[in-house]
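Have a look at the structure below, then the notes.
Keep in mind that this is a model prediction, so the values were computed, not measured. First the proteins, then the strands, lettered A, B, ... as listed; each starts at 1.
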2 protein chains.
Amino acid sequence: MSTVGKALSLLNLVASLSEDTGLSEIARLAVLDKATARRMLVDLEAHGFIEQDKATKRYRIGAAPVRLARIREARFPFLRTAIPVVKALNEETEETCHLSEFSGHELWTVHVETSPRANRVIVDVGSCYPLHATASGLALLAFLPEEQREAFLAQPLKAFTPHTVTDPEALRARINETRARGTSVSRNGLEPGVISTAAPVLSPDGLPVGTISIAAPEVRVDDARLAELNSAAQAAASRLSAALYGLDIRQKR
Amino acid sequence: MSTVGKALSLLNLVASLSEDTGLSEIARLAVLDKATARRMLVDLEAHGFIEQDKATKRYRIGAAPVRLARIREARFPFLRTAIPVVKALNEETEETCHLSEFSGHELWTVHVETSPRANRVIVDVGSCYPLHATASGLALLAFLPEEQREAFLAQPLKAFTPHTVTDPEALRARINETRARGTSVSRNGLEPGVISTAAPVLSPDGLPVGTISIAAPEVRVDDARLAELNSAAQAAASRLSAALYGLDIRQKR
DNA sequence: AATGAAGGTTCACATAATGAACCGATAAGG
DNA sequence: CCTTATCGGTTCATTATGTGAACCTTCATT
């Protein structure tokens, strides 16, 4: 592996440690010679990616990533990164796909790519649907901390169609299913004749920042097709998580 | 210079470019061979620090810094803590206020709150100015350990305006003044017609981790106003130091 | 005083970085 | 339609650079 690659892996390692860590331990964890590890730490420190506590001599993640992250965020906000993913999903599935962002306890539709078919589902940008009646809402609830989820379930929930699930216990079951599978499914939850599936976009701490979902007329979706859409949504959501947060593509020698 | 150091400088360079940039131009700007630059870009890309637009083949800053920045900010909430302080200073003074962070031997602008006035000073987030020509730089130098300060003063220093002080001896005098008073002042050091004042944000060991500064058109600042701005900057910096290190958090081991 | 583990340094050696020259593709100009 | 000048990317002999066993100093523990 290249020296630069090793140094970046070392940086990742140090970042992943929840406490300031000494040279010897870092070298041990990184499976590098002490001298090698130190040289890299010094290089990384000179550029602000690592910092060393002057008193304890231990190392920790530095401030440079914060500076770079601001530049990155200024140029690539959530939307700009997410839209191509949603577009690709739309082209792959030929169904209406939308991206929602979790903000202020609600889930907002921030982008939609509509199906090219004549019979299609329309979703409006800017809309904000109840969490219990949509696939996106379920996907979000499933990955929210228990406390927030229960706070939501404690409210009275409105039924939009005869199929809308409003019973907290029944919802809990569907949420657990969703968490286990990674994607949610909603049949006629909000609008009759519509089936939709969604997957959460997870931040590095495992919390959902939004969802990607697919909505289609029920007549086009049998069990096999539903399984296809499920995995397509999930793949898109993971791709987006990776693109947003730079999940490490590690390559060993 | 070490290969790792070169790669990190290259990363900084790419981050500083406001547009996606091609290999040849990057190599030219970094003063590296094309092959060398490419190998480094590939290494950086494999770890998510750089990304290459698949269509145009051009390179840009990647998402990995965002992930690392979240880790850093979770442990050392510099920005989260600092931004409200800078905002308050901006509201109090109605002048452009900015926060800089000392990282990798340089002082980087990490947050700016711009003056509401029509005639105002603009400072860019991500910029990195020479220490001897700015108020922030002087404030930093004044509280740096002697050794680091002298290492800086030993370099040849560039003049940006006829007013830029570049003589090491004269700078030492201004630095001592700054240390005695606690705040620095720079008149036309970098940009004609601009006066700025800065105060260091000190860590518990007395070393500067950054600066808070105010920049204003000279026409608005007489001696009385300057004294006001001085003490406002100093108050903001101490408030930030206290917020960052005061009372609780910061547990040494 | 002896021990062991820490951070850090040294230097002969081996490996990984380097860069001139190259390729194929694309675009502009005569 | 050929020439020229870019571009992104690759190759490989040369050599600069990274490597790590052994070393030093310091510090706490025994």
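Nucleotide D/dG18 holds its P atom 7 Å from the CZ atom of A/R39, rounded to whole Å. Atom CG in A/L10 sits roughly 15 Å away from atom C1' in D/dT19 (whole-Å rounding). Going from atom CG of A/D33 over to atom C1' of C/dC13 covers 14 Å, rounded to whole Å. Atom CZ in A/R38 sits about 16 Å away from atom P in C/dA6, given to the nearest Å. Regarding B/E45, its CD atom lies at a distance of 13 Å from the C1' atom of D/dG9, rounded to whole Å. For A/L23 and C/dG7, the CG to C1' distance is 6 Å, given to the nearest whole Å. Following rounding to the nearest Å, A/Y59 (OH) and C/dA6 (C1') show an atom-to-atom distance of 12 Å. Here the C1' atom of nucleotide C/dG7 and the CZ atom of A/R58 are 11 Å apart, to the nearest Å.
In the interface, the side chain of A/K34 is paired with the base of C/dG8 through a donor and an acceptor atom under 3.5 Å apart.
Counting any heavy atom pair closer than 4.0 Å across all strands shown, B/E25 reaches no nucleic acid atom.
The side chain of B/T3 places an N or O atom within less than 4.0 Å of a non-bridging phosphate oxygen (OP1 or OP2) of D/dG18. Residue B/R28 places none of its side-chain N or O atoms closer than 4.0 Å to OP1 or OP2 of D/dG8. An OP1 or OP2 oxygen of D/dT26 is reached within less than 4.0 angstrom by no side-chain nitrogen or oxygen of A/K57. Considering only side-chain N and O atoms, B/T36 lies under 4.0 angstrom from the phosphate OP1 or OP2 of C/dG19.
Checked against B/H132 for a side chain to side chain contact (heavy atoms under 4.5 Å, CB included), the options B/T164, B/V165, B/I175 give a single hit: B/T164.
Under a 4.0 Å N-O distance rule, the pair B/R28/B/E25 does not qualify as a salt bridge. Electrostatic pairing of B/R172 and B/E150 counts as a salt bridge here, judged by a charged N lying under 4.0 Å from a carboxylate O.
Remark on DNA chain C: of its neighbouring residues A/A35 and A/G22, the 5'-side contact belongs to A/G22, judged by nearest-heavy-atom nucleotide.
The side chain of B/S24 has D/dC7 as its nearest neighbour among D/dT17, D/dC7, C/dA6.
A/Q52 places a side-chain N or O within donor-acceptor distance of the main-chain N or O of A/K57, the cut-off being under 3.5 Å. B/E73 places a side-chain N or O within 3.5 Å of a backbone atom of B/L79 that can act as its donor or acceptor partner.
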